[in-house]
Every structure is written in C-alpha cells, then in structure tokens.
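Report on the structure given below.
Reckoned from all heavy atoms, side chains included, excluding hydrogens, waters and symmetry mates. Computed from a predicted model, the values in this text were never measured in an experiment.
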Amino acid sequence: MPPNHYHALGLPETATHQEIRRRFKELIVKLHPDKVNQAAAAAASSSSSSSSSSSSSSIPSTAAAPTPSSPAPPPPSEPADPDADASPPPPPQADDDQQQTQQQKQQQQRRLDAVMAAWAVLKDEDRRRFYDRDLAATRARLAAAGTVHEDVDLDDMAYDEDARTFTHPCRCGGVFAITETELEARVTRVACDTCSLLINVMYAVVEDGDGDKGRGGGGGGGGGGGGVDATAAAGACGLM
C-alpha cells in the first residue's frame, strides 16, 4: 500500500490545491526542527535546574565548629554491618529525559518527512492525478483479493470533521480510513494505509422514496431524505 499523503497532511482526498498548500505551511512551522530543539532545550534546562536544587539542599553546612583545646582520641571504629541496607542509587532521571526527548525528536522528524513527501506529490497536478489513480487501484486490488481482518461498526470509528473521514487504528500502527464520499458510494472494504490488512465497515446507506441518496436521519424518515446510517445513529458522528 503506498503511503497516504492525504493522511499525512490530515486532509480529505477532495482537498483543493489551496487547502493542501495552507495545511503544508502550517505543519512545516509546527514540525520545524528548531521548534523541536527549543522544546528539548527547555526540558533539559528544567531537569538540570531541578537536579541542581536538590543537590544544593543536601550539602551539609560548613560552618566552623569550635576547636577544643586538646583533641580527644578518636572513638574505636565499629565493624560494618553486612546486613545493613545500602541506600539505593538515585534514579537516572537525566538519562530518561534525554531518551524521551530523543524519541520525540525522531517522531517529529518522521512526521516532517511524511509531510514533505506528501507536498512533493500533491503540489503538482499531474503527479497528484497519477497518485490518486494508483491509490484507488491499490485499494480496489486489496479489497478484491485480501482477507478481511475484522468487522468494524462505523459508530466505533473516530470521525474527523475537517477531513470528513472515519478512521480506525490497525494493529501494525497504520490507519484504516474511509471518507463520507466513499460511504455514499457504498464502499465497505477498507485497506490499511501501511499493511495489507482489510476491515469490513458496517453501515447502511439509506435512500428516500425516489431512490436518491441523501443525508437525512437514520432510517430515512422524518427528515425527508436518506443518508449513511451506521447501524445505530451515524448522525452522532456528523453524517446527518
């Protein structure tokens, strides 16, 4: 399955060139390495200040004590108790913070790379047209030959109102996504954007008395039109 450039930008596949360009600029500013480095420096500074404060509070006072006129003999040393519990070493907080910061930077970099790859394709009209055809053909091929991994009710999928898309996580870390346009076209099998797994999206397209599809309430009554009825109430997900 080719990478889904629209998912990388968080946009529907029907997005205009202006919408794609605007979203690309927003993500570039948000994911710029300088932003990540500034956040990492702030976290490191906060951790260092906290460590320094705790260290200074544990340093004993060095005030001079009165010196006796004749030094007393030192007390006899007692043998160390082998059963005495040694104090545990302090947790490596600084190392944990550095590791977490490094993971965040790597994650941000991967997302930035995905955004750049998406813009390189979608900014060009011819490349975008070819990509859309390839994406549709791959989905159709997987839907025809693949094995359905599970049935997922539309009501159980997350809905992105801006992208007008329902999504469901895949066990590989990818995403199953289906748009409202695909729902109205009665698409049911959806491929993961990363692996070859498929899901069967359970919903119903309700038609009015004339056979026209609409966006009315579930069951097609009362509102004067049909629509996508996700087994119970797809209107709760924004389809009414």
Side-chain angles (χ1 to χ4, degrees), residues 1-15 20 23-24 26-27 30-31 36 39 96-122 128 131-205 218 228-239:
M1 187 77 179
N4 194 311
H5 296 319
Y6 297 101
H7 290 173
L9 298 177
L11 291 174
E13 296 178 15
T14 56
I20 293 174
R23 181 60 174 164
F24 169 73
E26 293 174 355
L27 291 175
K30 179 180 180 181
L31 301 174
V36 180
D96 292 344
D97 292 342
Q98 291 179 359
Q99 183 177 5
Q100 183 177 5
T101 301
Q102 185 65 24
Q103 292 176 349
Q104 292 175 348
K105 291 172 65 176
Q106 292 175 352
Q107 183 179 5
Q108 292 285 82
Q109 185 61 48
R110 286 193 297 267
R111 190 178 178 196
L112 178 61
D113 293 342
V115 169
M116 295 294 295
W119 173 245
V121 173
L122 301 181
R128 180 182 180 184
Y131 169 77
D132 288 344
R133 286 201 303 264
D134 182 55
L135 190 63
T138 303
R139 284 174 174 168
R141 183 172 64 254
L142 290 175
T147 301
V148 174
H149 172 58
E150 64 176 327
D151 294 330
V152 179
D153 194 295
L154 189 65
D155 284 336
D156 296 330
M157 301 179 72
Y159 180 67
D160 187 333
E161 187 173 357
D162 294 332
R164 301 173 71 86
T165 301
F166 291 85
T167 59
H168 182 71
C170 179
R171 66 185 183 185
C172 74
V175 175
F176 299 100
I178 185 169
T179 65
E180 289 188 13
T181 302
E182 291 172 326
L183 292 173
E184 293 175 352
R186 304 194 182 192
V187 175
T188 56
R189 286 191 176 187
V190 181
C192 173
D193 64 354
T194 303
C195 69
S196 60
L197 290 180
L198 302 172
I199 61 171
N200 184 46
V201 181
M202 301 172 60
Y203 66 97
V205 177
V228 178
D229 178 18
T231 65
C237 296
L239 288 178

For Tyr131 and Glu13, test the side chains for any donor-to-acceptor distance below 3.5 angstrom and give the result as yes or no. no

Pair Tyr6-Asp193, side-chain donor/acceptor within less than 3.5 Å: no

Any [X] side-chain heavy atom under 4.5 Å of [Y] side chain:
X: His168; Y: Val201; value: no
X: Leu122; Y: Leu9; value: yes
X: Phe24; Y: Met116; value: yes
X: His7; Y: Thr167; value: no
X: Leu27; Y: Arg111; value: yes
X: Asp155; Y: Tyr203; value: no
X: Leu183; Y: Phe166; value: yes

Compare every heavy atom of [Y] with every heavy atom of [X], then report the nearest pair and how far apart it is.
X: Thr165; Y: Thr179; value: OG1-CG2, 3.6 Å
X: Ala8; Y: Val115; value: O-CG2, 3.9 Å
X: Arg171; Y: Leu197; value: NE-CD1, 3.4 Å
X: Cys172; Y: Cys192; value: SG-SG, 3.6 Å

Would you compute the distance between atom [atom1] of [X] and atom [atom2] of [Y] and round it to the nearest 0.5 angstrom?
X: Gln102; Y: Gln104; atom1: CD; atom2: CD; result: 10.5 Å
X: Thr188; Y: Met202; atom1: OG1; atom2: CE; result: 11.0 Å
X: Leu135; Y: His5; atom1: CG; atom2: NE2; result: 9.0 Å

Is it the case that atom CD in Gln107 sees more than 12 heavy atoms from other parts of the structure closer than 6.0 Å? no

Residue list, side-chain contact (heavy atoms from CB on, under 4.5 Å) with Thr14, at least two apart or on another chain: Pro12

